[in-house]
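Structure, as structure tokens:
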Number of protein chains: 2
Amino acid sequence: MKKNIAVCLSPALLNLYEIEQSIVVVIDVLRATSSITYGIENGAKAIIPVMEVEECLNYAKDGFLLAAERNGEVVSGFDFGNSPFSYSKEKVANKTIVLTTTNGTKSLRMAQERAHTVVIGSFLNLDALCNWLKSQNKDVLLLCSGWKDKFNLEDTLFAGAVAENLKNDFEFSDDACVAAQDMYVLAKDDLRGYLRKSSHNARLEKLNIENDVVFCLQTNICTAIPILNGDKLEALV
Amino acid sequence: MKKNIAVCLSPALLNLYEIEQSIVVVIDVLRATSSITYGIENGAKAIIPVMEVEECLNYAKDGFLLAAERNGEVVSGFDFGNSPFSYSKEKVANKTIVLTTTNGTKSLRMAQERAHTVVIGSFLNLDALCNWLKSQNKDVLLLCSGWKDKFNLEDTLFAGAVAENLKNDFEFSDDACVAAQDMYVLAKDDLRGYLRKSSHNARLEKLNIENDVVFCLQTNICTAIPILNGDKLEALV
């Protein structure tokens, strides 16, 4: 019998889903989960997601890299935020990074409380992630981090990309999965153009991170799948 | 300056929206808000939405019609549930109906707590509703009732129909509005066919309410706009 796949459009709806036996894929493609994927691909030993900026600071003495983003910007005094360009091989190989972000780390922690397994998804590791999900014989929940608990287009498009990839192997078990897949099919030939329709777009443009956005919309430049082991995201092996 | 329009995809997300100065359109097209529209169109004096089946019973002595639906079925002992065919002129003209439903009455009550104005939307009164919204100079929130707080396709499609109609007169202020509009444009030539993709579809087919579904997807057979005055839905005049 096929396993189920569902899409949770906001962390605020996560309590509606039974995930105790499921793999939860946490999605925050602009930019946390893209940067995490890229960092793990580039040999970071681990990435530790924490909820608060202050928690990040507790790790300073251990020689970890400290990364903090709030409202799209690097928090002052930190090594970096969540731009993928900060997660290059030169910067992160063999390092442990402690990371807090506006949306992504929150949904990671919420998923961790109940899920069987928590992994990280982004366009960068789309095929690797989907192939692995097909091999697991588990129900899957795609958890969109959204923007401050609101629905957003970019995370839903990525959920739709996964749904499209898995449609022959899984049963869609909620309407959000159907909607996400249709939106992805509509947008896939020009993801960047589609996202210009986002209410978010003006905010992104103000942040001057166009290069980051374009980077995060690349597909399959990574094969790493970050998985949560205890408090740490590490490469799935 | 244009007013804003936004779409709330689930009652569980309503707290994210400031609605104190807004018109909230409550949407539960299969079937509560379609039946309410049809009943008011057909001369019902008022429809009183209540949260619990027991509350409904309190009105029995007043000679009101009692309507109660749970999980898609008429609750035993009640005059009727939320099939639009129960809201015909013969049955409801000059009557007051007390109604409780699984999803629609809940979102109505939630909206009422904070909104400036609460009205009812359905495909049946689409154009009348949109024309009135254009005349009001107020921000608009389209509140999808969903299914037990989960996203559903049918309410989102209707929100998209309103967004499509209002796109030149309002600013879209969230991503859900963009997504709903795109889904509607994708589905509009065959709404019934599109809804067969819904996870909900199997449930609807079991209820044997195909005639109700087809009825509720008709556009513009009504001009009535039910509006909440105190505890009662009445015709906007």
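Lettering follows sequence order; numbering is per chain, from 1. Because the structure is predicted, anything quoted here is derived from the model rather than measured.
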For the candidates B/Ser198, B/Ala12, B/Ser173, B/Ala187, which exhibits the highest count of non-hydrogen atom pairs separated by less than 4.5 Å from chain A? B/Ser198
For the candidates B/Val7, B/Leu186, B/Leu153, which exhibits the highest count of non-hydrogen atom pairs separated by less than 4.5 Å from chain A? B/Leu153
Quick one, B/Lys197 with A/Asp182, criterion side chain to side chain contact (heavy atoms under 4.5 Å, CB included). Give me CA distance, side-chain angles, the key distance, then yes/no. CA-CA 11 Å; B/Lys197 302 207 282 182; A/Asp182 278 342; 2.7 Å; yes
Using a heavy-atom cutoff of under 4.5 Å, enumerate the residues of residues 104-142 of chain B that contact chain A, numbered in order, or state 'none'. none
Among B/Lys150, B/Glu171, B/Lys148, B/Glu154, the residue with the most heavy-atom pairs under 4.5 Å to chain A is B/Lys150
More than 12 heavy atoms from other groups under 6.0 Å of CD on A/Glu18: no
Calculate, to the nearest 0.5 Å, the distance between atoms CG and CG belonging to A/Leu9 and B/Leu13 respectively. 8.5 Å
Among A/Val178, A/Asp175, A/Asp174, A/Leu16, which residue satisfies the side chain to side chain contact (heavy atoms under 4.5 Å, CB included) criterion with B/Phe151? A/Asp175
